[in-house]
Amino acid sequence: MASRSLGGLSGSRGAGGGGGKKSLSARNAAVERRNLITVCRFSVKTLIDRSCFETIDDSSPEFNNFAAILEQILSHRLKGQVTWFGYESPRSFWDYIRVACRKVSQNCICSIENMENVSSSRAKGRAWIRVALMEKHLSEYISTALRDFKTTRRFYEDGAIVLGEEANMLAGMLLGLNAIDFSFCLKGEGLDGNFPAVIDYTPYLKFTQSSDSISSDEEELRTLGSSGSESSTPENVGPPFIMDENSWFNKCKRVKQKYQLTLEQKSYLEELLRLRENQLSESVSQNKTLLQRIEDSDLAHKLEKEQLEYIIVELQDQLKSYQSLDQLSAEVSLSQTSLDPGQSQGDGKQDTLNSISEGKEDTPSLLGLCGSLTSVASYKSLTSLKSNDYLASPTTEMTSPGLTPS
(Lines give C-alpha, C1' and ligand atoms only; values in the text may rest on other atoms or scores of the structure.)
Protein backbone atom coordinates (compact mmCIF):
# COMPACT_ATOMS: atom_id res chain seq x y z
CA MET A 1 0.00 0.00 0.00
CA ALA A 2 2.82 2.31 0.93
CA SER A 3 4.57 1.65 -2.34
CA ARG A 4 1.39 2.30 -4.28
CA SER A 5 0.84 5.59 -2.47
CA LEU A 6 4.40 6.65 -3.11
CA GLY A 7 4.02 5.67 -6.74
CA GLY A 8 0.84 7.69 -7.06
CA LEU A 9 2.50 10.66 -5.39
CA SER A 10 5.44 10.50 -7.72
CA GLY A 11 3.11 10.21 -10.70
CA SER A 12 1.16 13.26 -9.63
CA ARG A 13 4.41 15.16 -9.21
CA GLY A 14 5.50 14.13 -12.68
CA ALA A 15 2.23 15.29 -14.19
CA GLY A 16 2.46 18.56 -12.34
CA GLY A 17 6.04 19.01 -13.49
CA GLY A 18 5.01 18.49 -17.13
CA GLY A 19 2.29 21.13 -16.83
CA GLY A 20 4.72 23.54 -15.21
CA LYS A 21 7.21 23.09 -18.04
CA LYS A 22 4.52 23.82 -20.61
CA SER A 23 3.38 26.95 -18.84
CA LEU A 24 6.98 28.09 -18.45
CA SER A 25 7.72 27.56 -22.13
CA ALA A 26 4.53 29.41 -23.09
CA ARG A 27 5.51 32.31 -20.83
CA ASN A 28 9.00 32.43 -22.29
CA ALA A 29 7.62 32.45 -25.82
CA ALA A 30 5.16 35.25 -24.97
CA VAL A 31 7.92 37.31 -23.32
CA GLU A 32 10.18 36.79 -26.33
CA ARG A 33 7.48 37.94 -28.73
CA ARG A 34 6.62 40.95 -26.60
CA ASN A 35 10.28 41.95 -26.28
CA LEU A 36 10.88 41.80 -30.02
CA ILE A 37 7.74 43.80 -30.85
CA THR A 38 8.54 46.43 -28.19
CA VAL A 39 12.12 46.81 -29.34
CA CYS A 40 10.92 47.06 -32.95
CA ARG A 41 8.58 49.89 -31.98
CA PHE A 42 11.44 51.71 -30.25
CA SER A 43 13.72 51.25 -33.25
CA VAL A 44 11.09 52.66 -35.62
CA LYS A 45 10.71 55.73 -33.40
CA THR A 46 14.47 56.28 -33.25
CA LEU A 47 14.67 55.96 -37.05
CA ILE A 48 11.96 58.58 -37.51
CA ASP A 49 13.65 60.93 -35.05
CA ARG A 50 17.06 60.45 -36.68
CA SER A 51 15.68 61.07 -40.16
CA CYS A 52 14.81 64.65 -39.13
CA PHE A 53 18.51 65.49 -38.85
CA GLU A 54 20.35 63.28 -41.36
CA THR A 55 19.85 60.80 -44.17
CA ILE A 56 19.46 57.18 -43.16
CA ASP A 57 21.93 54.86 -44.90
CA ASP A 58 23.95 51.71 -44.17
CA SER A 59 26.25 53.54 -41.79
CA SER A 60 23.41 54.57 -39.48
CA PRO A 61 23.44 52.51 -36.26
CA GLU A 62 19.69 53.02 -35.85
CA PHE A 63 19.04 51.37 -39.19
CA ASN A 64 21.45 48.48 -38.55
CA ASN A 65 19.68 47.80 -35.28
CA PHE A 66 16.24 47.99 -36.95
CA ALA A 67 17.32 45.60 -39.71
CA ALA A 68 18.60 43.13 -37.11
CA ILE A 69 15.32 43.36 -35.15
CA LEU A 70 13.18 42.85 -38.25
CA GLU A 71 15.32 39.91 -39.29
CA GLN A 72 14.90 38.34 -35.85
CA ILE A 73 11.12 38.86 -36.00
CA LEU A 74 10.77 37.29 -39.45
CA SER A 75 13.04 34.40 -38.40
CA HIS A 76 11.19 33.74 -35.14
CA ARG A 77 10.19 30.06 -35.00
CA LEU A 78 10.78 29.61 -38.72
CA LYS A 79 10.55 25.99 -39.82
CA GLY A 80 13.59 24.30 -41.32
CA GLN A 81 13.72 22.76 -44.75
CA VAL A 82 13.47 18.96 -44.73
CA THR A 83 15.93 17.23 -47.10
CA TRP A 84 15.58 13.92 -48.92
CA PHE A 85 17.34 12.12 -46.10
CA GLY A 86 14.90 13.40 -43.47
CA TYR A 87 17.24 16.00 -42.00
CA GLU A 88 16.05 19.53 -41.33
CA SER A 89 18.35 22.25 -42.63
CA PRO A 90 18.04 25.90 -41.45
CA ARG A 91 16.03 28.25 -43.61
CA SER A 92 16.08 32.01 -44.07
CA PHE A 93 13.07 34.30 -43.95
CA TRP A 94 13.72 35.17 -47.61
CA ASP A 95 12.27 31.80 -48.59
CA TYR A 96 8.98 32.85 -46.99
CA ILE A 97 9.02 36.41 -48.38
CA ARG A 98 9.78 35.17 -51.88
CA VAL A 99 6.64 33.03 -51.91
CA ALA A 100 4.23 35.16 -49.84
CA CYS A 101 4.96 38.53 -51.50
CA ARG A 102 4.48 37.48 -55.12
CA LYS A 103 1.03 39.10 -55.14
CA VAL A 104 2.38 42.58 -54.44
CA SER A 105 2.04 44.75 -57.54
CA GLN A 106 5.38 45.78 -59.06
CA ASN A 107 7.34 43.81 -56.48
CA CYS A 108 11.11 43.58 -56.37
CA ILE A 109 11.32 39.81 -55.84
CA CYS A 110 12.59 38.99 -59.34
CA SER A 111 15.17 41.78 -59.34
CA ILE A 112 16.60 40.59 -56.04
CA GLU A 113 16.66 37.00 -57.26
CA ASN A 114 18.71 38.12 -60.28
CA MET A 115 21.27 40.15 -58.31
CA GLU A 116 24.77 38.89 -59.14
CA ASN A 117 26.60 40.02 -56.00
CA VAL A 118 23.99 38.49 -53.66
CA SER A 119 24.11 34.72 -53.51
CA SER A 120 22.98 33.44 -50.11
CA SER A 121 19.37 33.40 -48.99
CA ARG A 122 20.09 35.51 -45.91
CA ALA A 123 21.85 38.16 -48.01
CA LYS A 124 18.88 38.32 -50.38
CA GLY A 125 16.55 38.83 -47.43
CA ARG A 126 18.67 41.73 -46.19
CA ALA A 127 18.74 43.23 -49.68
CA TRP A 128 14.96 42.92 -49.83
CA ILE A 129 14.60 44.91 -46.57
CA ARG A 130 16.69 47.74 -48.01
CA VAL A 131 14.94 47.81 -51.38
CA ALA A 132 11.49 47.72 -49.75
CA LEU A 133 12.44 50.65 -47.52
CA MET A 134 13.73 52.68 -50.46
CA GLU A 135 10.53 51.90 -52.38
CA LYS A 136 8.44 52.82 -49.28
CA HIS A 137 6.55 49.51 -49.56
CA LEU A 138 7.85 47.52 -46.58
CA SER A 139 4.55 47.71 -44.72
CA GLU A 140 2.68 46.63 -47.85
CA TYR A 141 4.96 43.62 -48.30
CA ILE A 142 4.48 42.53 -44.68
CA SER A 143 0.70 43.02 -44.80
CA THR A 144 0.39 41.02 -48.02
CA ALA A 145 2.51 38.20 -46.60
CA LEU A 146 0.53 38.05 -43.36
CA ARG A 147 -2.79 37.89 -45.24
CA ASP A 148 -1.58 34.71 -46.93
CA PHE A 149 -2.23 32.66 -43.80
CA LYS A 150 -1.86 29.32 -45.54
CA THR A 151 1.68 30.07 -46.71
CA THR A 152 2.58 31.59 -43.34
CA ARG A 153 1.35 28.47 -41.53
CA ARG A 154 3.43 26.32 -43.89
CA PHE A 155 6.66 28.17 -43.11
CA TYR A 156 6.31 28.93 -39.36
CA GLU A 157 5.69 26.92 -36.23
CA ASP A 158 3.05 27.60 -33.62
CA GLY A 159 3.92 30.51 -31.36
CA ALA A 160 5.67 32.54 -34.07
CA ILE A 161 5.22 36.29 -34.10
CA VAL A 162 3.80 36.31 -37.62
CA LEU A 163 1.10 33.85 -36.52
CA GLY A 164 0.04 35.76 -33.38
CA GLU A 165 -1.75 38.96 -32.59
CA GLU A 166 1.56 40.84 -32.70
CA ALA A 167 1.63 40.51 -36.49
CA ASN A 168 -1.01 43.21 -36.97
CA MET A 169 0.96 45.53 -34.69
CA LEU A 170 4.08 44.89 -36.77
CA ALA A 171 2.42 45.89 -40.04
CA GLY A 172 0.99 49.04 -38.42
CA MET A 173 4.24 50.28 -36.87
CA LEU A 174 6.16 49.75 -40.11
CA LEU A 175 3.77 52.10 -41.90
CA GLY A 176 5.52 55.12 -40.36
CA LEU A 177 8.74 54.28 -42.21
CA ASN A 178 7.15 55.33 -45.51
CA ALA A 179 7.82 58.96 -44.56
CA ILE A 180 11.61 58.43 -44.47
CA ASP A 181 13.91 58.71 -47.48
CA PHE A 182 16.42 55.87 -47.27
CA SER A 183 19.63 55.58 -49.27
CA PHE A 184 21.40 52.22 -49.34
CA CYS A 185 24.21 50.58 -51.27
CA LEU A 186 23.32 47.02 -52.21
CA LYS A 187 26.98 46.01 -52.51
CA GLY A 188 28.14 46.79 -48.98
CA GLU A 189 29.09 44.64 -46.02
CA GLY A 190 25.58 44.83 -44.59
CA LEU A 191 24.46 42.20 -47.09
CA ASP A 192 26.97 39.62 -45.90
CA GLY A 193 24.93 36.55 -45.06
CA ASN A 194 27.68 34.65 -43.25
CA PHE A 195 26.97 36.22 -39.87
CA PRO A 196 23.64 36.41 -38.04
CA ALA A 197 22.17 39.76 -37.04
CA VAL A 198 22.69 40.84 -33.44
CA ILE A 199 20.38 43.31 -31.71
CA ASP A 200 21.86 46.11 -29.61
CA TYR A 201 19.51 46.69 -26.67
CA THR A 202 21.57 49.39 -24.95
CA PRO A 203 19.94 52.39 -26.73
CA TYR A 204 16.55 51.29 -25.41
CA LEU A 205 17.56 50.49 -21.81
CA LYS A 206 17.04 53.66 -19.82
CA PHE A 207 16.91 53.76 -16.03
CA THR A 208 15.41 56.88 -14.49
CA GLN A 209 15.95 57.21 -10.76
CA SER A 210 13.08 58.73 -8.84
CA SER A 211 13.51 61.77 -6.56
CA ASP A 212 12.70 59.70 -3.45
CA SER A 213 15.41 57.23 -4.33
CA ILE A 214 17.92 60.05 -4.90
CA SER A 215 17.09 61.66 -1.54
CA SER A 216 17.42 58.32 0.25
CA ASP A 217 20.82 57.76 -1.36
CA GLU A 218 21.97 61.21 -0.29
CA GLU A 219 20.79 60.60 3.27
CA GLU A 220 22.59 57.27 3.35
CA LEU A 221 25.82 58.84 2.14
CA ARG A 222 25.57 61.59 4.73
CA THR A 223 25.04 58.98 7.46
CA LEU A 224 28.05 57.00 6.31
CA GLY A 225 30.18 60.15 6.16
CA SER A 226 29.20 61.33 9.65
CA SER A 227 29.80 57.88 11.19
CA GLY A 228 33.26 57.70 9.64
CA SER A 229 34.53 61.01 11.08
CA GLU A 230 32.86 63.75 13.04
CA SER A 231 34.96 66.40 11.30
CA SER A 232 33.56 65.55 7.90
CA THR A 233 33.26 68.47 5.52
CA PRO A 234 30.53 69.15 3.02
CA GLU A 235 32.87 67.94 0.27
CA ASN A 236 32.13 64.35 1.38
CA VAL A 237 28.64 64.65 0.02
CA GLY A 238 29.84 66.00 -3.33
CA PRO A 239 29.20 63.00 -5.59
CA PRO A 240 25.42 62.92 -5.08
CA PHE A 241 25.14 66.58 -5.94
CA ILE A 242 27.41 66.08 -8.94
CA MET A 243 25.23 63.19 -10.10
CA ASP A 244 22.16 65.28 -9.61
CA GLU A 245 23.76 68.13 -11.54
CA ASN A 246 24.62 65.78 -14.39
CA SER A 247 21.10 64.47 -14.50
CA TRP A 248 19.74 67.99 -14.64
CA PHE A 249 22.25 68.86 -17.34
CA ASN A 250 21.11 65.87 -19.42
CA LYS A 251 17.50 66.86 -18.96
CA CYS A 252 18.29 70.41 -19.99
CA LYS A 253 20.15 69.11 -23.03
CA ARG A 254 17.20 66.98 -24.05
CA VAL A 255 14.80 69.88 -23.61
CA LYS A 256 17.12 72.06 -25.68
CA GLN A 257 17.17 69.47 -28.45
CA LYS A 258 13.40 69.25 -28.40
CA TYR A 259 13.20 73.04 -28.49
CA GLN A 260 15.53 73.20 -31.49
CA LEU A 261 13.52 70.52 -33.23
CA THR A 262 10.32 72.44 -32.53
CA LEU A 263 11.89 75.63 -33.89
CA GLU A 264 12.94 73.85 -37.06
CA GLN A 265 9.47 72.42 -37.48
CA LYS A 266 7.99 75.85 -36.83
CA SER A 267 10.22 77.47 -39.45
CA TYR A 268 9.37 74.71 -41.90
CA LEU A 269 5.65 75.15 -41.31
CA GLU A 270 5.98 78.94 -41.66
CA GLU A 271 7.82 78.56 -44.93
CA LEU A 272 5.22 76.08 -46.12
CA LEU A 273 2.45 78.47 -45.10
CA ARG A 274 4.16 81.31 -46.96
CA LEU A 275 4.41 79.21 -50.11
CA ARG A 276 0.78 78.21 -49.82
CA GLU A 277 -0.26 81.86 -49.39
CA ASN A 278 1.73 82.84 -52.48
CA GLN A 279 0.12 80.04 -54.43
CA LEU A 280 -3.30 81.13 -53.19
CA SER A 281 -2.69 84.76 -54.19
CA GLU A 282 -1.51 83.67 -57.63
CA SER A 283 -4.58 81.49 -58.02
CA VAL A 284 -6.85 84.39 -57.01
CA SER A 285 -5.18 86.72 -59.51
CA GLN A 286 -5.45 84.12 -62.26
CA ASN A 287 -9.10 83.62 -61.38
CA LYS A 288 -9.75 87.35 -61.65
CA THR A 289 -7.98 87.47 -65.01
CA LEU A 290 -10.04 84.58 -66.31
CA LEU A 291 -13.27 86.16 -65.09
CA GLN A 292 -12.35 89.43 -66.84
CA ARG A 293 -11.61 87.52 -70.03
CA ILE A 294 -14.96 85.78 -69.80
CA GLU A 295 -16.77 89.10 -69.33
CA ASP A 296 -14.93 90.64 -72.30
CA SER A 297 -15.73 87.65 -74.49
CA ASP A 298 -19.40 87.82 -73.46
CA LEU A 299 -19.52 91.52 -74.34
CA ALA A 300 -17.84 90.89 -77.68
CA HIS A 301 -20.29 88.10 -78.43
CA LYS A 302 -23.24 90.36 -77.62
CA LEU A 303 -21.91 93.12 -79.89
CA GLU A 304 -21.31 90.65 -82.68
CA LYS A 305 -24.79 89.25 -82.25
CA GLU A 306 -26.32 92.75 -82.48
CA GLN A 307 -24.30 93.52 -85.61
CA LEU A 308 -25.39 90.27 -87.22
CA GLU A 309 -29.05 90.98 -86.37
CA TYR A 310 -28.73 94.48 -87.88
CA ILE A 311 -27.16 93.02 -91.03
CA ILE A 312 -29.98 90.49 -91.31
CA VAL A 313 -32.63 93.25 -91.07
CA GLU A 314 -30.77 95.34 -93.64
CA LEU A 315 -30.53 92.37 -95.98
CA GLN A 316 -34.25 91.74 -95.64
CA ASP A 317 -35.01 95.41 -96.50
CA GLN A 318 -32.65 95.24 -99.43
CA LEU A 319 -34.34 92.09 -100.69
CA LYS A 320 -37.73 93.76 -100.50
CA SER A 321 -36.40 96.77 -102.43
CA TYR A 322 -35.02 94.45 -105.08
CA GLN A 323 -38.40 92.78 -105.45
CA SER A 324 -40.18 96.15 -105.82
CA LEU A 325 -37.59 97.29 -108.39
CA ASP A 326 -38.12 94.12 -110.38
CA GLN A 327 -41.87 94.73 -110.49
CA LEU A 328 -41.38 98.38 -111.48
CA SER A 329 -38.93 97.51 -114.25
CA ALA A 330 -41.33 94.93 -115.58
CA GLU A 331 -44.19 97.47 -115.73
CA VAL A 332 -41.98 100.09 -117.43
CA SER A 333 -40.83 97.63 -120.01
CA LEU A 334 -44.38 96.61 -120.78
CA SER A 335 -45.50 100.21 -121.21
CA GLN A 336 -42.57 101.08 -123.46
CA THR A 337 -42.91 98.00 -125.58
CA SER A 338 -46.50 98.95 -126.26
CA LEU A 339 -45.28 102.30 -127.71
CA ASP A 340 -41.99 101.48 -129.44
CA PRO A 341 -40.84 97.91 -129.57
CA GLY A 342 -37.26 98.57 -130.72
CA GLN A 343 -36.56 101.55 -128.58
CA SER A 344 -38.49 100.30 -125.60
CA GLN A 345 -36.35 97.22 -125.35
CA GLY A 346 -33.14 99.23 -125.14
CA ASP A 347 -34.61 101.91 -122.91
CA GLY A 348 -36.20 99.31 -120.64
CA LYS A 349 -32.92 97.54 -120.22
CA GLN A 350 -31.14 100.79 -119.50
CA ASP A 351 -33.77 101.92 -116.98
CA THR A 352 -33.71 98.57 -115.32
CA LEU A 353 -29.94 98.68 -115.00
CA ASN A 354 -30.05 102.28 -113.75
CA SER A 355 -32.67 101.45 -111.15
CA ILE A 356 -30.70 98.40 -109.99
CA SER A 357 -27.51 100.48 -109.77
CA GLU A 358 -29.40 103.12 -107.78
CA GLY A 359 -30.66 100.39 -105.47
CA LYS A 360 -27.11 99.21 -104.98
CA GLU A 361 -25.89 102.67 -104.05
CA ASP A 362 -28.46 102.90 -101.25
CA THR A 363 -26.57 100.30 -99.22
CA PRO A 364 -22.85 100.53 -100.03
CA SER A 365 -21.90 98.52 -96.91
CA LEU A 366 -23.71 95.46 -98.28
CA LEU A 367 -22.29 95.66 -101.80
CA GLY A 368 -20.35 92.45 -101.47
CA LEU A 369 -23.25 90.54 -99.96
CA CYS A 370 -25.85 91.61 -102.57
CA GLY A 371 -23.96 90.97 -105.80
CA SER A 372 -25.66 87.66 -106.39
CA LEU A 373 -29.09 89.17 -105.82
CA THR A 374 -28.39 91.94 -108.38
CA SER A 375 -27.44 89.44 -111.00
CA VAL A 376 -30.63 87.47 -110.35
CA ALA A 377 -32.78 90.63 -110.66
CA SER A 378 -31.10 91.68 -113.88
CA TYR A 379 -31.51 88.22 -115.21
CA LYS A 380 -35.21 88.33 -114.39
CA SER A 381 -35.62 91.75 -116.09
CA LEU A 382 -33.86 90.56 -119.22
CA THR A 383 -36.02 87.48 -119.31
CA SER A 384 -39.13 89.58 -118.99
CA LEU A 385 -37.98 91.83 -121.83
CA LYS A 386 -37.31 88.90 -124.10
CA SER A 387 -40.68 87.35 -123.51
CA ASN A 388 -42.89 87.30 -126.63
CA ASP A 389 -46.02 87.56 -124.57
CA TYR A 390 -45.31 91.21 -123.66
CA LEU A 391 -44.18 92.44 -127.17
CA ALA A 392 -46.74 93.84 -129.64
CA SER A 393 -46.52 93.07 -133.38
CA PRO A 394 -45.74 95.95 -135.83
CA THR A 395 -48.79 95.23 -137.95
CA THR A 396 -51.04 95.69 -135.01
CA GLU A 397 -49.42 99.01 -134.16
CA MET A 398 -49.73 100.29 -137.75
CA THR A 399 -53.34 99.30 -138.11
CA SER A 400 -54.36 100.72 -134.81
CA PRO A 401 -56.85 103.52 -135.32
CA GLY A 402 -55.25 105.56 -132.62
CA LEU A 403 -51.86 105.57 -134.32
CA THR A 404 -52.83 106.09 -137.98
CA PRO A 405 -51.55 109.35 -139.52
CA SER A 406 -54.08 111.94 -140.20
Side-chain angles (χ1 to χ4, degrees), residues 26-53 55-57 60-78 92-109 112 125-184 197 199-201 203-206 258 261 265:
R27 176 191 173 277
N28 292 338
V31 170
E32 185 179 6
R33 292 196 303 267
R34 187 167 58 251
N35 289 341
L36 286 174
I37 291 296
T38 304
V39 172
C40 183
R41 184 170 64 252
F42 289 158
S43 64
V44 170
K45 289 183 178 180
T46 54
L47 272 177
I48 295 174
D49 294 340
R50 180 61 61 181
S51 64
C52 298
F53 302 99
T55 304
I56 305 298
D57 53 9
S60 175
E62 288 83 5
F63 165 73
N64 292 327
N65 213 23
F66 167 76
I69 294 169
L70 185 60
E71 185 175 344
Q72 291 286 343
I73 290 175
L74 295 177
S75 301
H76 183 250
R77 300 185 70 85
L78 182 66
S92 174
F93 70 92
W94 168 248
D95 299 329
Y96 164 68
I97 293 297
R98 180 182 56 188
V99 177
C101 295
R102 290 285 185 181
K103 298 180 181 180
V104 178
S105 60
Q106 299 179 357
N107 60 75
C108 59
I109 304 298
I112 292 176
R126 293 175 179 177
W128 168 77
I129 292 175
R130 287 161 171 78
V131 173
L133 286 173
M134 287 190 292
E135 292 179 351
K136 302 182 186 297
H137 292 325
L138 181 60
S139 178
E140 182 180 358
Y141 279 108
I142 297 297
S143 299
T144 305
L146 294 177
R147 283 196 295 267
D148 191 357
F149 188 76
K150 184 177 180 180
T151 303
T152 307
R153 173 68 67 180
R154 182 161 57 92
F155 277 88
Y156 288 91
E157 299 176 356
D158 294 335
I161 294 177
V162 295
L163 291 175
E165 298 178 355
E166 297 85 357
N168 296 326
M169 297 173 59
L170 177 64
M173 69 178 65
L174 294 179
L175 189 62
L177 298 177
N178 295 339
I180 302 177
D181 295 328
F182 294 93
S183 177
F184 302 117
I199 303 174
D200 184 13
Y201 291 96
Y204 316 115
L205 299 177
K206 296 181 179 180
K258 291 182 180 179
L261 179 61
Q265 293 178 351

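Bear in mind that the values here come from a model prediction, so they are computed numbers and not experimental data. Sequence positions, counted from 1, serve as the residue numbers for this chain.
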- Message: So F42 and I69, do their side chains get closer than 4.5 Å, heavy atoms only?
- Response: no
- Task: Starting from the C-alpha separation in whole Å, work towards a yes-or-no answer on side chain to side chain contact (heavy atoms under 4.5 Å, CB included) for I129 and F93.
- Result: CA-CA 11 Å; I129 292 175; F93 70 92; 3.9 Å; yes
- Apply side chain to side chain contact (heavy atoms under 4.5 Å, CB included) to the pair V44 and L177, showing each step before the final yes or no. CA-CA 7 Å; V44 170; L177 298 177; 3.9 Å; yes
- Task: Measure from the side-chain N and O atoms of T46 to the backbone N and O of S43, and report whether any donor-acceptor pair falls under 3.5 Å.
- Result: yes
- Look at the side chain of R98 and the backbone N and O of I109, then say whether any donor-acceptor pair between them is shorter than 3.5 Å. no
- Once you round to the nearest 0.5 Å, how far does NZ of K103 lie from OG1 of T151? 7.0 Å
- Message: With heavy-atom distances below 4.5 Å as the criterion, would you say the side chains of H137 and V104 are in contact?
- Response: no
- Nearest atoms (heavy-atom pairs only) where A145 meets T152: O-OG1, 3.2 Å
- Message: If I take atom CZ from residue F53 and atom CG from residue L261, how far apart are they, to the nearest 0.5 angstrom?
- Response: 4.5 Å
- Task: Work out which heavy atom in R33 is nearest to a heavy atom in G159; give both atom names and the distance.
- Result: NH1-O, 3.1 Å
- Message: According to side-chain contact (heavy atoms from CB on, under 4.5 Å), who are the partners of A26, at least two apart in sequence or on a separate chain?
- Response: none
- Side-chain contact, heavy-atom cut-off 4.5 Å: N28 with E32? no
- Value for OG (S75) from CG (L70), rounded to nearest 0.5 Å, stands at 9.0 Å
- Query: Should the ring pair F182 and F63 be called parallel, tilted or perpendicular, given that the plane angle runs from 0 to 90° and is split at 30 and 60?
  - Reply: tilted
- Message: I'd like to know if the side chain of K136 and the backbone of I180 have a donor-acceptor N/O pair within less than 3.5 Å.
- Response: yes
- Are any non-hydrogen side-chain atoms of W128 and L138 less than 4.5 angstrom apart? yes
- Task: Determine, stepwise, if the pair L163 / R77 fulfils side chain to side chain contact (heavy atoms under 4.5 Å, CB included).
- Result: CA-CA 10 Å; L163 291 175; R77 300 185 70 85; over 6 Å; no
- Does a side-chain N-to-carboxylate-O contact under 4.0 Å join D57 and R130? no
- Ignoring hydrogens and geometry, is there a side-chain-to-backbone donor-acceptor pair from S51 to I48 under 3.5 Å? yes
- Message: Just to verify, what does E62 make a salt bridge (charged side-chain N to carboxylate O under 4.0 Å, His left out) with, not counting sequence neighbours?
- Response: R50
- Message: Could you check whether any side-chain N or O of Y96 sits under 3.5 Å from a backbone N or O of L74, counting only pairs where one atom can act as donor and the other as acceptor?
- Response: no
- Looking at CD1 of I142 and CD1 of I97, how far apart are the two atoms once the value is rounded to the nearest 0.5 Å? 4.5 Å
- Item | For C108 against V131, the heavy-atom pair lying closest together | SG-CG1, 3.6 Å
- Message: Just to verify, what does R34 make a side chain to side chain donor-acceptor pair (under 3.5 Å) with, not counting sequence neighbours?
- Response: none
- D95 and L78, any side-chain heavy atoms less than 4.5 Å apart: no
- Nearest 0.5 Å, what's the SG-CE distance between C40 and M169? 9.5 Å
- Query: Any side-chain heavy atom of E166 sitting closer than 4.5 Å to one from I73?
  - Reply: no
- Query: Is the shortest heavy-atom distance from the side chain of C101 to the side chain of N107 under 4.5 Å?
  - Reply: no
- Could you please spell out the steps behind the side chain to side chain contact (heavy atoms under 4.5 Å, CB included) verdict for F155 and V162? CA-CA 10 Å; F155 277 88; V162 295; over 6 Å; no
- Message: Please find the pair of heavy atoms, one from Y156 and one from H76, that lie closest to each other, and give the distance.
- Response: CD2-O, 3.4 Å
- Note on the structure: Value for CD1 (I37) from CZ (R41), rounded to nearest 0.5 Å, stands at 8.5 Å
- Message: I'd like to check N65 versus Y204 (side-chain heavy atoms, cut-off strictly below 4.5 Å). Are they in contact?
- Response: yes
